[in-house]
Protein chains: 2
Amino acid sequence: MPRPRKFDETQVLELAREQFWTTGFAGTRMDDIARVTGLGKGSLYGAFGDKEALFHRVFDDWCGAIVALAEENLTGPDEGALARLEAYVRFVAANTAADVGRRGCFQAKGTAELAASDESVADRSATTMRALLGLLSREITAAQRCGDLAPDADPDALASLLLVVGRGVEAVGKAGLGAEAVTSAVDTALALLPRP
Amino acid sequence: MPRPRKFDETQVLELAREQFWTTGFAGTRMDDIARVTGLGKGSLYGAFGDKEALFHRVFDDWCGAIVALAEENLTGPDEGALARLEAYVRFVAANTAADVGRRGCFQAKGTAELAASDESVADRSATTMRALLGLLSREITAAQRCGDLAPDADPDALASLLLVVGRGVEAVGKAGLGAEAVTSAVDTALALLPRP
DNA sequence: TAGGTTCTGGACGATCCATTCCAGAACGAG
DNA sequence: CTCGTTCTGGAATGGATCGTCCAGAACCTA
């Protein structure tokens, strides 16, 4: 009869993610993961496979969470679409502005470190970008339907811009540009959206 | 009488940078640097100090080059300011669109990996962002003077937006979003700049 | 040519690190 | 309570890696 595991997998994965987020894939040792989770390495390897498998696991989970959060925030009646778009982009910017330790986004950092050499990370990142683009485009189309955005504007183009702005503020925030410039860029981008 | 060095320092630094660019700081071994430069480790350590010192050297040089290139492209008579701004942002996007290996920008990747833990990298990144912001703002002001951009628009806000767009396209390109979306975002951003 | 000084490269030492191993413990069915 | 099975943790293994060391070579002046 199998003995059940003693630890909470969800919590262990969260702690592992935080460590990978802070020190990157190559810069994190399995001893670090063991220390922050309180588990022995035998348990970590038994439960999650090797270091790479664990990283893929937490990275995939995080990418999924990002998309789920965007979907949650970018769904509703047409009338509220523009407000939701603005709130979402401001939310992304606020996260960056609040990031005084300049840790940056886990998804962006994992991508920066590994996308060129790890196909799994590369694919997952691309899938995530396309999903976010799709959600933004859908919401822009909704805003256009109820007359809050210019009906002749290309929704995919505007979606690309908003995605790029979201990712750009994360990048410049991580690089050390002040919160004021970050907020300013977002306000400007939103103010420039074409109205009817 | 001192014996001159046998190797070309500039070339060695360039090769070292390429290796750090490809595999990151933690993911690069000094043996890798030795291999791609053709030097022994005794020579590397003798000439450049330790691994961290070498990384700082090539990172600082690269940040300087980025700013110098931007300054070169964002200088001239007022009449050409808007064209230079557009060309510069398109140039940044074109680099991203052409990056099929998804290597991304060395400065962005170094920042992503190390800014949270390495003060020297953090400072250099912040300085670079501020310099780029200043150059963009100056050029926007020039475009406003000759009537190509709305004179009442806040140049710093527009500069923040263009910087964020430049960094954002690099981030989404690295993440795997297609060249079409990248180009689209840039075209849209430039099209939305406020004209008189 | 000789000699003083510096450069060179790769073996080496010390430490690091991913992963395995296994004795002991925990679990639950019979 | 017993016993079969799985879990656990941390020592051990084997290889990795940073940085040092030093014999030999290269350089250049006298």
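The chains referred to below are lettered A, B, ... by the order of the sequence lines, with proteins before strands, and numbering in each begins at 1.
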Open item on the list: Please determine whether salt bridge (charged side-chain N to carboxylate O under 4.0 Å, His left out) holds for the pair A:Glu113 and B:Lys109, giving the CA-CA distance in whole Å, both sets of side-chain angles, and the decisive distance to 0.1 Å.
Closed with: CA-CA 7 Å; A:Glu113 183 181 359; B:Lys109 287 171 71 169; over 6 Å; no

Round to a whole Å and report the spacing from [atom1] of [X] to [atom2] of [N].
X	N	atom1	atom2	value
A:Leu54	C:dT19	CG	P	11 Å
A:Arg35	C:dC17	CZ	P	12 Å
B:Gln19	D:dT17	CD	P	12 Å
B:Tyr45	C:dA14	OH	C1'	13 Å
A:Phe48	D:dG9	CZ	P	12 Å
B:Asp31	C:dC12	CG	C1'	13 Å
B:Phe25	D:dT17	CZ	P	13 Å
B:Met30	D:dT20	CE	P	10 Å

Task: Nearest heavy-atom neighbours spanning A:Glu71 and A:Leu135 - done: N-CD1, 3.6 Å

Open item on the list: If I compare all heavy atoms of B:Arg103 with all of A:Ala116, which pair ends up nearest, and what's the gap?
Closed with: CA-CB, 4.1 Å

Open item on the list: Does A:Gly46 reach a base, just sugar-phosphate, or nothing at all? Heavy atoms under 4.0 Å.
Closed with: nothing

Open item on the list: Please classify the nucleic acid contact of B:Lys41 as base, sugar-phosphate, or nothing, using heavy-atom distances under 4.0 Å.
Closed with: base

TODO: Could you check A:Arg29 against B:Phe7 and say which one's nearest nucleotide on DNA chain C is further toward the 5' end?
DONE: B:Phe7

Task: Side-chain heavy atoms of B:Val186 within contact of B:Arg90, under 4.5 Å - done: yes

- [ ] Test for a donor-acceptor pair under 3.5 Å between the base of C:dC27 and the side chain of A:Arg3, counting only N and O atoms.
- [x] no

- [ ] Between B:Gly42 and B:Lys51, just flag the one whose closest nucleotide in DNA chain D comes earlier from the 5' side.
- [x] B:Lys51

